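Step one of this worksheet: look at the structure below.
Predicted model only: the values in this text are computed from it and were never measured.
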Amino acid sequence: MKAAWKALAPLIVVIVVAIIPAPEGLAQHAWYYFAIFAGVIVGLMLEPIPGAAIGLIAVTVVSVFCEWVFFSPVQLAKPGFNVANASLAWALSGFSNGTVWLIFGAFMFALGYEKTGLGRRIALLLVRAMGRKTLTLGYAVMVVDVVLAPFTPSNTARSGGTIFPVIRNLPPLYESKPNDPSARRIGSYIMWTAVATTCVTSSMFLTALAPNLLATELIRKTVHVDLSWTQWFLAAAPAGIVLLLAVPLLTYVLYPPQVKQGNEVPAWAAQELKKMGRLTRSELVLAILVLIALALWIFGDKYVNATTAALMVIAFMLFTGVVTWDDMLANKQAWNTFTWFATLVALADGLSKTGFVKWFADTIAAHMNGVSPTMAAVVLVLIFFFTHYMFASVTAHATAMLPVMLAVGTTIPGMPMEAFALLLALTLGIMGILTPYGTGPSPVYFGSGYLPAGDYWRLGAIFGVIYIVVFLLISVPLLF
């Protein structure tokens, strides 16, 4: 009965939303599309079937009924417009997205760490040094992200491709296994701490998240405000430092590990390191390849795209025998996450293509008349932050919503545009915590097997509220 209810709930949401008349100013096809998108979100929350299957079904449904739910009458009336080809191009667009492939690359890196034993070796070193208490392990994960963040413009590369492949080797050392009741022993705590941390560091540094750089350009073009690296950091640091210091402890309280401490584990880790002996050839090759990837992600982003760098390293992993093609084919988690996120990227992009996002922003603008600048800024930032539930990419969110929010700000008398622009832009990192698809590393950690869907959505909402409340309480008085 429970399984049947979970399967019916998304369909009921689609039907109920669809039969409600479209709001004034919104095209009927866009409202139908939103109905399908709302059903997808409910489906992802309840998971009557795997998330990737939900995404695949949804893009297929939209493609089949695209004349009624996706394309406007004006588009359909264009001479030479081929509905079938256009709908297929949209449905497959997520599979050509660079971030989707970078997420896939992160899983392949993790596979290399696992097969060579390098991940286990690094995990044992961490446990030997800081494994007496689970909380200190959480802070170790946080510190590593902070050190890498200022130099890695892709948080997927930083957290998904560098940190995750290492820390996924920590839980098994404590008999904590993925997709198993033992996941809560320590694995769930470590994984949530990692993804929650990277969302904060992504907001703290201009160069810690690619959409941050896009945001500065959009701000410059829209409201003619130039934001420097230092200006960004000084504005983000007060709230960011508070959140960074709190994340491991907050997770420890709100999502407590079952294993709190154990003096015997570090001693055991030391013995295991002795048994492993020196670095093997495969470990050494992988270490060199990972360092090359990290160097390209940090210093070569102007010349080599982060995804290209990851694919290049994966090719070398195959060439050198670090992993085999059969190893890659057998990695079900990687292919499942790849399909899941690719379909979500297309579905979220559809909200913009159908005009729903623009209508939503224009509706907000119409209700801002007569509101004080500070209150208007807070309301607009909250709307900007929580509408991230509708996006599977921070880049897409910034592109679609940031110019509109800035334009709304310019209509409010007395609004300090530099401060308002900063408030909006500084939320781009922390908003990624909301959903399992909210930012590049999210699908990686969600696919780890340590964070069940129900836990992820619940924690995402709780941490999202904490993040934005702390951010506004500290940043608004300082900037305004």
Side-chain angles (χ1 to χ4, degrees), residues 13-42 55 58-94 96-97 211 214-215 218 221-222 343-369 379-380 382-411 424 431 435 437-438:
V13 169
V14 173
I15 294 170
V16 169
V17 175
I19 61 177
I20 297 172
E24 186 178 352
L26 182 66
Q28 188 63 53
H29 75 280
W31 184 245
Y32 287 150
Y33 183 87
F34 173 71
I36 295 173
F37 188 83
V40 169
I41 297 300
V42 173
V59 294
T60 303
V61 169
V62 172
S63 296
V64 171
F65 297 101
C66 60
E67 292 185 53
W68 297 277
V69 304
F70 195 80
F71 296 114
S72 67
V74 174
Q75 288 173 298
L76 294 171
K78 286 183 180 178
F81 182 74
N82 189 304
V83 176
N85 290 342
S87 64
L88 180 64
W90 165 79
L92 298 179
S93 61
S96 63
N97 182 277
L214 169 65
L218 292 173
K221 288 181 177 180
T222 307
T343 53
L344 277 182
V345 165
L347 288 166
D349 181 55
L351 287 173
S352 294
K353 289 187 179 298
T354 57
F356 181 87
V357 170
K358 185 179 184 305
W359 165 82
F360 184 78
D362 289 343
T363 302
I364 295 167
H367 291 84
M368 285 289 106
N369 293 329
V379 171
L380 291 172
L382 286 171
I383 292 170
F384 185 66
F385 182 85
F386 284 106
T387 51
H388 194 57
Y389 276 103
M390 298 191 298
F391 293 90
S393 160
V394 179
T395 301
H397 190 159
T399 303
M401 293 289 289
L402 185 57
V404 179
M405 291 291 107
L406 289 169
V408 173
T410 60
T411 66
L424 290 172
M431 66 174 57
T435 68
Y437 52 82

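- When all heavy atoms of V42 and V13 are compared, the closest pair comes out as CG2-CG2, 3.8 Å.
- Not counting sequence neighbours, S96 has no partner by the side-chain hydrogen bond (donor to acceptor under 3.5 Å, both in side chains) test.
- Residues meeting the side-chain hydrogen bond (donor to acceptor under 3.5 Å, both in side chains) test with H388, sequence neighbours left out: H397.
- A distance of 9.5 Å separates CZ of F34 from CD1 of I20, quoted to the nearest 0.5 Å.
- Taking CG from L347 and CD1 from I36, the interatomic distance works out to 9.0 Å, rounded to the nearest 0.5 Å.
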Could you walk me through whether Y389 and I41 pass side-chain contact (heavy atoms from CB on, under 4.5 Å), step by step? CA-CA 9 Å; Y389 276 103; I41 297 300; 5.6 Å; no

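- What you find for F391 and S352 is that their closest heavy atoms are CE2-OG, 4.2 Å.
- With sequence neighbours excluded, the residues that form a side chain to side chain contact (heavy atoms under 4.5 Å, CB included) with T354 are H29, A30, Y33, F70, F356.
- Centroid-to-centroid, the aromatic rings of Y32 and F65 stay 6.0 Å apart or farther.
- Residue pairs meeting the side chain to side chain donor-acceptor pair (under 3.5 Å) criterion with at least one member in residues 73-84, sequence neighbours excluded: S72-Q75.
- Heavy atoms only, all atoms of each residue included: A27 and A22 are closest at O-CB, 4.5 Å.
- Across V14 and A35, no two heavy atoms sit closer than the pair CG2-O, 3.5 Å.
- Every residue meeting the side chain to side chain contact (heavy atoms under 4.5 Å, CB included) condition with L382, not counting sequence neighbours, appears here in chain and number order: V378, F386, I468, L472.
- Side-chain N or O atoms of W90 include none that pairs as donor or acceptor with a backbone N or O of S63 at under 3.5 Å.
- Although no hydrogens or angles enter the test, the distance criterion places no donor-acceptor pair under 3.5 Å between the side chain of W31 and the main chain of I19.
- Across every non-hydrogen atom of A346 and S93, the tightest pair is CB-OG, 3.8 Å.
- Taking the side-chain hydrogen bond (donor to acceptor under 3.5 Å, both in side chains) definition, one finds that E67 meets it with nothing, sequence neighbours left out.
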